[in-house]
Asks: 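Quick one: the structure is below, and I'll ask about it shortly.
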Amino acid sequence: MQERLLELQQEALQKATEATELKELNDIRVAYLGKKGPITEVLRGMGKLSAEERPKIGALANDVRAAIASKIEEKQHAFETAAVNAQLASEKIDVTLPGRPVNKGNQHPLTRIVEDIEDLFIGMGYTVAEGPEVESDYYNFEALNLPKSHPARDMQDSFYITDEILMRTHTSPVQARTMEMHKGIGPVKIICPGKVYRRDNDDATHSHQFMQIEGLVIDENISMSDLKGTLEVFAKKVFGQDREIRLRPSFFPFTEPSVEIDISCKICSGKGCSVCKHTGWIEVLGGGMVHPNVLEMAGFDSKTYSGFAFGIGVERIAMLKYGVDDIRHFYTNDLRFLKQFHTHESE
Ligand code: DAH
């Protein structure tokens, strides 16, 4: 009996040592230590033993069980440790590995100019208005004092969709739409940034699609000096505090009087250089006092109300501000160009 027990011990320990997975260990446990296992079987024959032998065999049987159980436990522990180590190894992160660079985008230069100008005007109490890019002939021309036969329509060769519908050639129709919405009651103070379209052949200074920012103020007692003061603030904000502006007489059908606004040349500080064509001044935008016809057509009493309006060419501002010599750079999506505008500077 003693021999048989030691033999079983030997056998079980051998199997446990050779086991390669948890399931095998469980099988060994059940097989050797279970109620139907060979050790129990052996112990069942203890009745036949003498009184001296019985406790010895009993003690031996316990030792054998303990030895097998402890071997199984030891092996099980080893498996568990190995499993944890394997998991740790598979999840290992090399913290010394350099991170993958995050490619940060940046604003398009035109978006930045528009947002900066919006911020400035919002700060002066204006709201931002919008209008459709596909516009009716009425708002694009007629409501702006450009009747069908008006020769000034030649100034703007347009993309017509039908006889009455076209791609807007300027942001000025938003003036007419906004005034109409106010139903003759002031004040009105808006700017309107947006895309406009003209049938121009693209070259360094022309693009068939470009951006404008329209400005419109209507109230009682608005005069030319309000326009001048406003645009002076604008010029200094965009081009620097040491800039000056000057107004030159001009013509637009929707303003009377009309002006072109120049700023003093930043490059030569007014002395004259190639950028300002040796005049010391650079033309940046057009504007004027809203024509009484335009006010009346939109439902405002031109005896009570007056107003000023202006139109800013966004690309022109961006070209002057950043020294860009070809308008097409803004529309050809060349990252080498666009990446140069990656920090936000504010003046
Ligand atoms: N709409 C004009 C253009 O496209 C720009 C302009 C001039 C707008 C004078 C105005 C203005 O509001 O008063 O050339």
Side-chain angles (χ1 to χ4, degrees), residues 114 117 121 126-133 135-147 150-159 166-180 188-200 205-219 222-231 234-235 245-263 283-295 297-298 300 302 305-317 319 327:
V114 168
I117 295 176
F121 280 98
Y126 289 64
T127 51
V128 177
E130 279 183 14
E133 287 172 30
E135 186 54 284
S136 69
D137 182 278
Y138 176 77
Y139 287 114
N140 196 78
F141 292 126
E142 236 157 301
L144 296 168
N145 205 27
L146 277 137
H150 199 292
R153 283 195 182 201
D154 293 345
M155 281 164 36
Q156 297 169 337
D157 257 355
S158 326
F159 289 112
L166 70 158
M167 302 305 290
R168 68 179 175 193
T169 57
H170 49 181
T171 43
S172 304
V174 183
Q175 286 188 26
R177 286 177 171 275
T178 308
M179 278 190 267
E180 238 179 50
V188 178
K189 253 180 127 175
I190 55 141
I191 55 159
C192 166
K195 295 195 190 95
V196 301
Y197 303 82
R198 288 190 199 172
R199 276 182 52 183
D200 274 328
T205 52
H206 294 85
S207 172
H208 62 282
Q209 179 233 290
F210 57 101
M211 291 192 81
Q212 289 189 333
I213 300 176
E214 192 77 13
L216 174 71
V217 172
I218 310 278
D219 206 347
I222 295 291
S223 71
M224 195 73 138
S225 59
D226 297 308
L227 172 65
K228 189 174 180 196
T230 303
L231 292 176
F234 160 79
I245 64 165
R246 77 172 181 189
L247 274 54
R248 270 183 299 113
S250 183
F251 171 77
F252 298 103
F254 28 90
T255 44
E256 182 58 39
S258 303
V259 288
E260 303 268 11
I261 292 105
D262 300 340
I263 58 160
E283 184 194 321
V284 284
L285 55 100
M289 300 308 292
V290 179
H291 197 292
N293 288 354
V294 173
L295 285 170
M297 271 188 281
F300 274 82
S302 62
Y305 285 104
S306 56
F308 66 76
F310 55 87
I312 304 171
V314 178
E315 285 80 355
R316 179 152 175 77
I317 300 291
M319 287 168 85
I327 193 172

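Ligands are counted one by one from 1 in listed order, and the atoms in each one are counted from 1 as well.
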Asks: I'd like to know if Glu135 pairs up with Arg177 as an ion pair, taking the criterion as any Lys NZ or Arg NE/NH1/NH2 lying under 4.0 Å from an Asp or Glu carboxylate oxygen.
Replies: yes
Asks: Is the distance from the ring center of His170 to that of Phe252 below 6.0 Å?
Replies: no
Asks: Which of the numbered atoms in ligand 1 are below 4.0 angstrom from a heavy atom of Phe252?
Replies: 7 (C), 9 (C)
Asks: Look at the rings of His150 and Phe251 and say which category their plane angle falls in: under 30° parallel, 30 to 60° tilted, over 60° perpendicular.
Replies: parallel
Asks: Select the closest option to atom 12 (O) of ligand 1 among Glu256, Glu214, Met289, judged by heavy-atom distance.
Replies: Glu214
Asks: Any nitrogen or oxygen of Gly287 lying under 3.5 Å from a nitrogen or oxygen in ligand 1? Just yes or no.
Replies: no
Asks: Salt bridge check, Glu283 against Arg248: does any charged N sit closer than 4.0 Å to a carboxylate O?
Replies: yes
Asks: Just heavy atoms, cut-off under 4.0 Å: does Phe254 contact ligand 1 by side chain, backbone, both, or neither?
Replies: side chain
Asks: Below 4.0 angstrom from a heavy atom of Thr255, which ligand 1 atoms are there? Numbered from 1 as shown, please.
Replies: 13 (O)
Asks: Under 4.0 Å, heavy-atom basis, I'd like to know which part of Ser172 is in contact with ligand 1: side chain, backbone, both or neither.
Replies: side chain
Asks: Does Lys189, at its NZ atom, have more than 12 non-hydrogen atoms belonging to other residues, nucleotides or ligands within less than 6.0 Å?
Replies: yes
Asks: For Gln212, counting its heavy atoms only, list the atoms of ligand 1 lying under 4.0 Å from any of them.
Replies: 3 (C), 4 (O)
Asks: I'd like to know whether the aromatic ring centres of Phe310 and Phe121 sit less than 6.0 Å apart in this structure.
Replies: yes
Asks: Counting only heavy atoms not in Glu130, do more than 12 fall under 6.0 Å of its CD?
Replies: no
Asks: Can you name the atoms of ligand 1, numbered from 1 with element, that are less than 4.0 Å from a heavy atom of Gly288?
Replies: 13 (O)
Asks: Is atom CZ of Arg199 surrounded by more than 12 heavy atoms (other residues, nucleotides or ligands) closer than 6.0 Å?
Replies: no
Asks: Please could you name the atoms of ligand 1 that Ala309 approaches to less than 4.0 Å, counting only its heavy atoms?
Replies: 12 (O), 13 (O)
Asks: Would you say His291 contacts ligand 1, with heavy atoms under 4.0 Å as the rule?
Replies: no
Asks: Counting heavy atoms only, name the option from Arg168, Arg198, Glu260 that's nearest to atom 4 (O) of ligand 1.
Replies: Arg198
Asks: Polar-atom distance check: Thr169 versus ligand 1, any N or O pair below 3.5 Å?
Replies: no
